[in-house]
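To start, the structure under review is shown below, and the notes come after it.
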Amino acid sequence: MLAELSIRNFAIIEAVTVSFDRGLTVLTGETGAGKSIIIDAIGLLVGGRGSAEFVRYGTKKAEIEGLFHIDEDHPSIQKLEDVGIEVLDDMVVLRRDISSAGKSICRVNGKLVTLGILREIGQSLIDIHGQHEHQDLMQPDKYLSLLDNFGERSIGPALEEYRDIYSRYKKLREQLKHLTENEQQMAQRLDLIQYQLEEISKAELIPKEDEDLMEEKLRLGNFEKLFGALQDVYHSLQGDNKGLDWLGLAMSQLESVSDLDDELKGYHEEVANQFYLLEETLGKINSYRDQLEFDPTRLDFVEERLNEIQGLKRKYGESVEEILEYAASIEDEVDKLTHSEDRIEELENNIAGIAADLKVEADNLTKLRKQIAKKLVESIHVELQDLYMEKTEFAIHFNEASKGKEEFHKSGKDDIDFMISTNPGEPLKQLSKTASGGELSRIMLALKSIFSKHQGITSIIFDEVDTGVSGRVAQAMAEKIQRLSSGSQVLVITHLPQVAAMADHHLYISKEETGEGRTKTSVGKLSTEQKIEELGRMISGAEMTELTKKHAQELLLQADQIKA
């Protein structure tokens with residue numbers, strides 16, 4: 001439920017903070033005081049369309065913040081988790097700032113979110129119904145989900161089973177569409193990758209071949225430098241300089257005196273190790289030198305091969321391994337494309353089999369929905385009778401799928417419409433195009449009395465939906481709204497004293513001029529005596545008489561008896 005609302009610099013409101021409780025809260029006040037502005041602020045808080053016009057004149061931005069308490073299994077929790085927002089202490093804080101330039105900044109629990117996410121989360125927390133805007137109850141595309149929610153116990157498992165099959169069906173249909181709608185593109189693609197595969201195959205690449213060739217090119221290109229260096233090494237150790245011979249002589253001399261001193265024995269061992277190690281290394285160097293051969297033909301071949309590999313790298317990968325991996329992938333693609341007709345036939349057969357299963361599940365859903373629809377119609381007729389619309393006929397029509405439209409959709413094959421006839425003898429017409437004024441208010445209230453139990457929304461706002469009704473109808477609407485608030489939270493802006501008398505909490509909206517020539521709106525909770533005076537004003541207008549006061553007291557007493 002909405003626990004607290006804070007509004008700053010919004011329209012004529014400078015700064016207002018209002019706390020709300022469970023049950024029925026009524027907001028009344030003089031015309032133009034800002035009652036509907038508060039509801040407009042809540043509407044923006046839950047994702048409504050904003051503009052710079054909402055920002056109080058002379059200020060930089062409007063600020064709206066709302067604190068909501070939710071149950072641990074509330075539908076909004078999953079939505080919050082999906083966007084990475086943590087819920088602490090079962091509280092959700094929505095905030096929206098609108099700048100004087102018309103730009104919005106939205107936050108949920110302190111985290112910046114898009115307006116779309118704010119709207120999705122906000123509309124799962126609170127449901128606003130105005131005189132001209134009835135949201136999902138006036139949107140035919142929402143009727144099927146309303147019916148499913150009403151019959152969740154029986155429809156839910158069947159719908160889940162259907163959607164599991166539908167998901168597989170849709171995936172196969174998309175694969176088939178991809179294969180059949182892009183034949184020209186696939187032919188062009190096949191020509192391209194066949195050429196690429198042939199080019200890579202002809203190269204007969206070997207893993208790490210480019211690295212080995214680079215090393216060979218380095219040796220061949222530096223033959224003279226290598227040979228000269230190795231010759232110098234040989235002559236230094238074994239040639240005229242006889243460096244190795246001198247080291248051998250030193251080793252012999254140390255050996256001859258090593259028996260005289262243990263320390264000299266250690267020196268002899270060190271020199272001997274270096275001698276034999278150097279002798280072994282010189283043998284390897286000589287062997288390497290003897291194998292050196294300058295082959296310009298081989299150098300030309302290596303360079304050409306490296307150029308060929310470099311050309312393939314520019315097209316297919318940064319290394320020989322990546323080129324070979326790419327070749328393997330397009331080889332699989334070539335196989336799929338060359339056998340696409342077989343794949344199409346296979347898909348069509350699979351789709352036909354799944355479609356048969358899908359039809360069985362869809363037919364079952366339709367059967368269940370028609371059963372639930374009868375119960376829903378009966379329940380709505382009872383609600384309408386309570387609101388003195390006993391001659392109103394309500395029906396749910398199941399429409400056939402139109403030509404060119406998919407037989408199946410994510411919720412089955414059904415398309416329904418809410419139909420109504422408010423006068424005997426008149427044909428049934430679409431609810432969204434028929435009723436108006438007071439009739440529409442009562443119909444909406446009847447529907448909301450039923451659907452609110454199944455939508456998971458615990459906060460409902462009615463903004464002057466009682467316009468155009470009076471007398472016993474007004475009393476019936478008041479009782480219906482009061483029952484709707486039982487165990488939840490309902491906020492109502494009303495001009496009807498019958499509705500106001502039912503309030504568990506009565507807030508009065510007033511305005512006054514400040515010393516700066518500006519208008520200031522304030523909200524206060526009425527005491528019992530103040531509530532009687534306000535009801536009296538609503539009954540008779542500005543003048544308050546003893547008879548009016550007595551009438552107001554009677555309304556309050558009657559309301560207490562009804563609630564008890």
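Separation of the F408 and Y166 ring centroids does not fall under the 6.0 Å cut-off.
Minimum heavy-atom separation, I372 to F150: CG2-CD2, 3.5 Å. Between V55 and S99, the shortest heavy-atom distance links the atoms CG2-O, 3.5 Å. Nearest heavy-atom pair across T494 and A500 is CG2-N, 4.2 Å. Across G317 and E322, no two heavy atoms sit closer than the pair CA-OE1, 3.6 Å. Residues V92 and N109 come closest through the heavy atom pair CA-OD1, 3.3 Å. Here the closest heavy-atom approach between residue K111 and residue V83 is recorded as NZ-O, 2.9 Å.
Between L115 and R96 there is a side-chain heavy-atom pair separated by less than 4.5 Å. Using a 4.5 Å heavy-atom threshold, the side chains of P497 and H551 count as separate. Proximity of V113 to R107: side-chain heavy atoms (C-beta onward) are nowhere separated by under 4.5 Å. Side-chain contact check for Q561 versus L557: some heavy-atom pair is nearer than 4.5 Å. Annotation: side chain of S411 is in contact with side chain of R369 (closest heavy-atom distance under 4.5 Å). Contact of the N9 side chain with the F54 side chain is not registered, since no non-hydrogen atoms from C-beta on lie closer than 4.5 Å. In this structure, V93 and F68 have side chains that are not in contact, with every pair of non-hydrogen atoms separated by 4.5 Å or more. At least one side-chain heavy atom of T28 sits under 4.5 Å from a side-chain heavy atom of H506.
With salt bridges taken as basic N to acidic carboxylate O contacts below 4.0 Å, one links K79 and E120. Of the charged side-chain nitrogens involved, at least one lies within less than 4.0 Å of a carboxylate oxygen, so that K480 and E383 count as a salt-bridged pair. Under 4.0 Å is where a charged nitrogen must lie from a carboxylate oxygen, and between D504 and K563 at least one such pair does. Look at D357 and K359 and you find no salt bridge, because none of the NZ, NE, NH1 or NH2 atoms lies under 4.0 Å from a carboxylate O. Using a 4.0 Å cut-off between charged side-chain N and carboxylate O, R56 and E63 make no salt bridge. Note on E65 versus R8: no salt bridge recorded, every NZ/NE/NH1/NH2 to OD/OE distance being 4.0 Å or above. The residues K370 and D414 are annotated as not salt-bridged, no charged nitrogen and carboxylate oxygen being separated by less than 4.0 angstrom. Between E534 and R537, at least one side-chain N (NZ, or NE/NH1/NH2) sits under 4.0 Å from a carboxylate O, which counts as a salt bridge.
Judged purely by distance below 3.5 Å, without hydrogens or angles, the side chains of S76 and H74 pair a donor atom with an acceptor atom. Donor-acceptor pairing under 3.5 Å is recorded for the side chains of Q475 and E479. Of the N and O atoms on the side chains of D82 and Q78, at least one donor lies less than 3.5 Å from an acceptor on the other residue.
More than 12 heavy-atom neighbours from other residues, nucleotides or ligands sit within 6.0 angstrom of CD on E4. Residue E390 qualifies as enclosed at atom CD: its count of foreign heavy atoms under 6.0 Å is above 12.
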E554/K549 under salt bridge (charged side-chain N to carboxylate O under 4.0 Å, His left out): CA gap, chis, key distance, verdict: CA-CA 9 Å; E554 289 176 350; K549 186 174 182 180; over 6 Å; no
Working for salt bridge (charged side-chain N to carboxylate O under 4.0 Å, His left out), residues D97 and K103: CA-CA 8 Å; D97 297 345; K103 294 184 178 180; over 6 Å; no
I460 vs L491, side-chain contact (heavy atoms from CB on, under 4.5 Å): CA-CA, chis, key distance, verdict: CA-CA 6 Å; I460 304 170; L491 311 180; over 6 Å; no
Working for side-chain contact (heavy atoms from CB on, under 4.5 Å), residues T422 and I443: CA-CA 10 Å; T422 55; I443 293 167; 4.2 Å; yes
Residues L5, T17; criterion side-chain contact (heavy atoms from CB on, under 4.5 Å); working and verdict: CA-CA 6 Å; L5 176 69; T17 298; over 6 Å; no
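In this structure, the separation between CD1 on I13 and CD1 on I7 is 4.5 Å, given to the nearest 0.5 Å. To the nearest 0.5 Å, atom CG of residue L365 and atom CG of residue L358 are 9.5 Å apart. Here the straight-line distance linking atom CD1 of I64 with atom CG of L94 works out to 11.0 Å at 0.5 Å rounding.
No donor-acceptor pair under 3.5 Å is formed between the side chain of S167 and the backbone N or O of R163.
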